[in-house]
Amino acid sequence: MAEKTSDLATFFKKKGFLYPSSDIYGGLAGFYDYGHLGTMLKRNFENVWRKFFVESQDNYYEIETANIMHENVFKASGHLENFIDPIVKCSKCGFFERADHLVEKTTKIRAEGLSSEELTREIEKHHLKCPKCSSSFEKVSVMNMMFPVNIGVGNQHKAYLRPETAQSPYVNFKLQYELQRKKLPLGLAIVGRAYRNEISPRHVTLRMREFTQAELQIFVNPDLMNEHPEFDSLQDYELRTMLVEDRPQKMIVERTAAELVERGLPKYYVYHLIKIQQFYVDELRVPKHKFRLYELNEKEKAFYNKYHFDIEMELSEHGFTEIGGLHYRTDHDLKGHQEVSTQSMEIVDEETGKKFIPHVLEVSFGVDRNVYALLDLHYNDDQERGNIVLSLPAKITPFFCAVFPLVKNKPELAAKARGIYQELRKDWRFFYDEVASIGRRYARADEIGIRYGITVDFESLDDNAVTIRDRDTTKQQRVPVSELKQKLQELSHE
RNA sequence: ACGGUUGUGGUGAAGUGGUAUCAUGCAACCCUCCCAAGGUUGCGUCCCGGGUUCAAAUCCCGGCAGCCGUACCA
């Protein structure tokens with residue numbers, strides 16, 4: 001029997017977090033729309049990310065750039081070569097393989113770089129057949145992981161939707177370096193869309209064709225990779241790592257920053273592994289055991305990466321899943337752009353007079369995957385309470401508080417509740433609800449993760465105090481209206 | 001991409017050629033002094049396009065989408 005859509009996907013749609021795009025036309029695989037709650041959650045996540053990774057650093061800034069970029073950008077980055085693969089498909093059973101791999105494997109000819117026509121000719125010449133069913137192949141076609149875009153009149157495309165946000169900071173580096181007064185390290189962040197024509201998008205937002213990345217590109221002097229001013233104070237910090245050598249035992253090992261440096265990772269790199277773990281464990285309150293830093297081996301890591309760890313969170317339905325990565329891309333990208341654009345990407349170290357191309361450390365996050373992971377993590381079907389409780393932290397949950405008059409039909413209560421609501425919504429994300437019994441309203445609030453419920457009851461009319469209900473414990477405390485703002489201020493920093 | 005499988009209100013389901021049902025939800029009103037009470041009224045559905053038939057949610061073909069497996073995921 002085919003499985004039902006997962007509980008989580010149903011919940012996303014039912015409450016307004018996320019649903020298929022173009023839904024009234026039957027949907028479009030790999031594309032999703034965020035509803036009102038999902039959009040709030042996503043924005044909140046992005047803002048926490050900005051604050052933590054960008055705004056807390058000197059000389060780090062966010063830029064916003066075009067999603068459609070010049071063909072040459074991807075010539076330089078290697079995407080045109082590596083993202084567009086020649087494919088042969090079996091005419092009978094549908095098996096397919098990369099055409100150049102097939103030709104190289106079976107004929108020992110160097111097939112890399114051959115055109116589709118040349119590959120088709122080689123396949124015909126050597127009478128290559130499908131390894132599965134021995135039928136003949138169709139003509140070699142091109143599988144393009146990038147979406148080409150036609151610009152203006154005519155149908156020759158000279159541009160693509162970017163498959164990663166990273167290239168924008170690289171092509172803008174020289175200008176931003178000048179504008180940011182020639183200082184390294186220099187950070188350029190983008191929170192924006194990227195597009196990949198995935199063969200098989202699946203698992204809601206875990207693999208989409210249009211998705212949001214939050215990426216920080218840090219340009220550094222490669223000679224200084226083995227130092228960081230804050231490293232010494234953090235050298236005993238324990239990181240949850242799964243290195244290549246841990247894989248046979250399937251072990252996540254806590255290692256200190258110093259141990260990782262001893263193993264050969266640069267201090268500057270390890271410092272950012274620490275930052276990333278702090279972001280999840282301290283900032284987003286992700287339980288440590290659900291988090292790990294997973295080292296990729298030589299085969300798995302992208303060709304441009306010297307060091308590559310995936311950031312992974314354990315999901316209920318999919319196990320440990322990549323939600324980001326820390327990539328030491330060296331000078332691969334700037335060098336590529338220097339060659340293709342013929343513009344120098346070199347800068348001069350004022351002290352030593354040395355000229356060099358900066359290296360890039362990329363801190364990369366899939367925003368949609370993070371949002372999914374956080375919802376997955378905080379989704380609890382509370383049997384005792386009889387409703388779902390979405391225990392998102394106050395700083396990212398869509399609504400911080402809701403205000404409720406205890407009952408609807410007492411105009412004095414509703415008026416007071418509305419007054420409090422109107423005042424507090426100036427400072428926080430607030431929700432107001434007076435429909436149905438108070439218990440039902442608490443339940444509805446739990447389900448969309450409203451952190452606190454403020455209830456105006458009959459006593460409030462006399463003592464000018466209200467109750468604050470904690471979503472996670474359901475405990476209530478009574479607070480004078482005059483102290484409410486201050487109290488919420490404290491609670492918002494939990 | 002291939003193979004298997006599924007598609008009925010917002011959500012979950014019943015209906016297998018002949019009047020589309022139920023629960024939940026949502027909305028309005030009544031009631032209600034703290035954790036999905038109750039009452040009244042209302043809203044809303046057969047994925048899309050062809051075909052067969054007197055008649056299609058139901059049968060057939062195609063498409064789209066979901067799920068599972070394989071493949072893919074620089």
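Throughout, protein chains are lettered first and strands after them, A, B, ... in sequence-line order, and every chain is numbered starting at 1.
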Fit a plane to each ring of [X] and [Y], take the angle between them on a 0 to 90° scale, and name the class: parallel (under 30°), tilted (30 to 60°) or perpendicular (over 60°).
{"X": "A:W428", "Y": "A:F400", "result": "tilted"}
{"X": "A:F31", "Y": "A:F147", "result": "tilted"}
{"X": "A:F219", "Y": "A:Y170", "result": "perpendicular"}

Counting Watson-Crick and G-U wobble pairs only, both distances under 3.5 Å, name the nucleotide matched with [N], or none.
{"N": "B:U70", "value": "B:A1"}
{"N": "B:G12", "value": "B:C22"}
{"N": "B:U45", "value": "none"}
{"N": "B:C64", "value": "B:G7"}
{"N": "B:C59", "value": "B:G51"}
{"N": "B:C29", "value": "B:G39"}

Nearest whole angstrom, please: distance from the [atom2] of [N] to the [atom1] of [X].
{"X": "A:K13", "N": "B:C67", "atom1": "NZ", "atom2": "C1'", "value": "15 Å"}
{"X": "A:K14", "N": "B:G25", "atom1": "NZ", "atom2": "P", "value": "9 Å"}
{"X": "A:E362", "N": "B:A74", "atom1": "CD", "atom2": "P", "value": "13 Å"}
{"X": "A:R207", "N": "B:C73", "atom1": "CZ", "atom2": "C1'", "value": "4 Å"}
{"X": "A:D310", "N": "B:A74", "atom1": "CG", "atom2": "P", "value": "10 Å"}
{"X": "A:H203", "N": "B:C72", "atom1": "NE2", "atom2": "P", "value": "16 Å"}
{"X": "A:L296", "N": "B:A74", "atom1": "CG", "atom2": "C1'", "value": "12 Å"}
{"X": "A:D33", "N": "B:G10", "atom1": "CG", "atom2": "P", "value": "17 Å"}

Lys/Arg cation over aromatic A:Y304: A:R329, 6.0 Å, 45° cone |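 Here A:R329 passes the 6.0 Å and 45° test against A:Y304.
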Kindly indicate, with the supporting measurements, whether the criterion side-chain hydrogen bond (donor to acceptor under 3.5 Å, both in side chains) is fulfilled by A:Q167 and A:D333.
-> CA-CA 8 Å; A:Q167 293 306 319; A:D333 298 277; 3.2 Å; yes
Candidates B:A71, B:C73, B:C68 - which lies nearest the side chain of A:I199 =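 For A:I199, the side-chain atoms sit closest to B:A71.
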If you check every side-chain atom of A:S200, which of B:C68, B:A71, B:A74 has the closest atom?
->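 Output: B:A71.
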Report yes or no: does A:R162 contribute a side-chain atom to a donor-acceptor pair with the main-chain N or O of A:M69 at less than 3.5 Å?
->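 Not a single qualifying donor-acceptor pair exists.
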When rounded to the nearest Å, what value does the distance between [atom1] atoms of [N] and [M] take?
{"N": "B:U19", "M": "B:A55", "atom1": "P", "answer": "15 Å"}
{"N": "B:A65", "M": "B:C48", "atom1": "C1'", "answer": "10 Å"}
{"N": "B:C2", "M": "B:C72", "atom1": "C1'", "answer": "12 Å"}
{"N": "B:G25", "M": "B:U45", "atom1": "C1'", "answer": "14 Å"}
{"N": "B:U52", "M": "B:C67", "atom1": "P", "answer": "35 Å"}
{"N": "B:G42", "M": "B:C22", "atom1": "P", "answer": "13 Å"}
{"N": "B:A23", "M": "B:G66", "atom1": "C1'", "answer": "23 Å"}
{"N": "B:A1", "M": "B:C60", "atom1": "P", "answer": "24 Å"}

Identify whether any heavy atom of [X] sits under 4.0 Å from a base atom; if not, whether one sits that close to sugar-phosphate; answer base, sugar-phosphate or nothing.
{"X": "A:H332", "result": "nothing"}
{"X": "A:F404", "result": "nothing"}
{"X": "A:E164", "result": "base"}

Where do A:E434 and A:R418 land on the salt bridge (Lys or Arg N to Asp or Glu O under 4.0 Å) test, with the steps shown first?
-> CA-CA 10 Å; A:E434 58 181 24; A:R418 264 208 100 80; 5.5 Å; no
Its contact letters, B for base, S for sugar-phosphate only and - for none at protein heavy atoms under 4.0 Å, make nucleotides 29-38 of chain B read SSBBBBBBS-
Letter by letter from the 5' end, nucleotides 41-48 of chain B scores (B base, S sugar-phosphate only, - none; protein heavy atoms under 4.0 Å) --------
For B:U19, decide between syn and anti, treating a glycosidic angle within 90° of 0 as syn.
->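 Base orientation: anti.
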Of the options A:T474, A:T455, A:D433, which is the one that meets A:Y442 in a side chain to side chain donor-acceptor pair (under 3.5 Å)?
->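 Of all the options given, the one that passes is A:T455.
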Upstream residue (5' side of RNA chain B) when A:L28 and A:R196 are each assigned their closest nucleotide |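 Its nearest nucleotide lies further toward 5', so the answer is A:L28.
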For the residue pair [X] and [Y], confirm or rule out a side-chain donor-acceptor distance under 3.5 Å.
{"X": "A:S200", "Y": "A:R207", "result": "no"}
{"X": "A:H308", "Y": "A:D310", "result": "yes"}
{"X": "A:D7", "Y": "A:T10", "result": "no"}

Decide, yes or no, whether a salt bridge links A:K416 with A:E459 under the criterion of side-chain N to carboxylate O below 4.0 Å.
->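 Here A:K416 does not pair with A:E459 in a salt bridge, since their nearest N and O are not under 4.0 Å apart.
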So does A:H318 get a side-chain nitrogen or oxygen closer than 4.0 Å to the phosphate oxygens (OP1/OP2) of B:C67?
->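 For B:C67, neither OP1 nor OP2 has a side-chain N or O of A:H318 closer than 4.0 Å.
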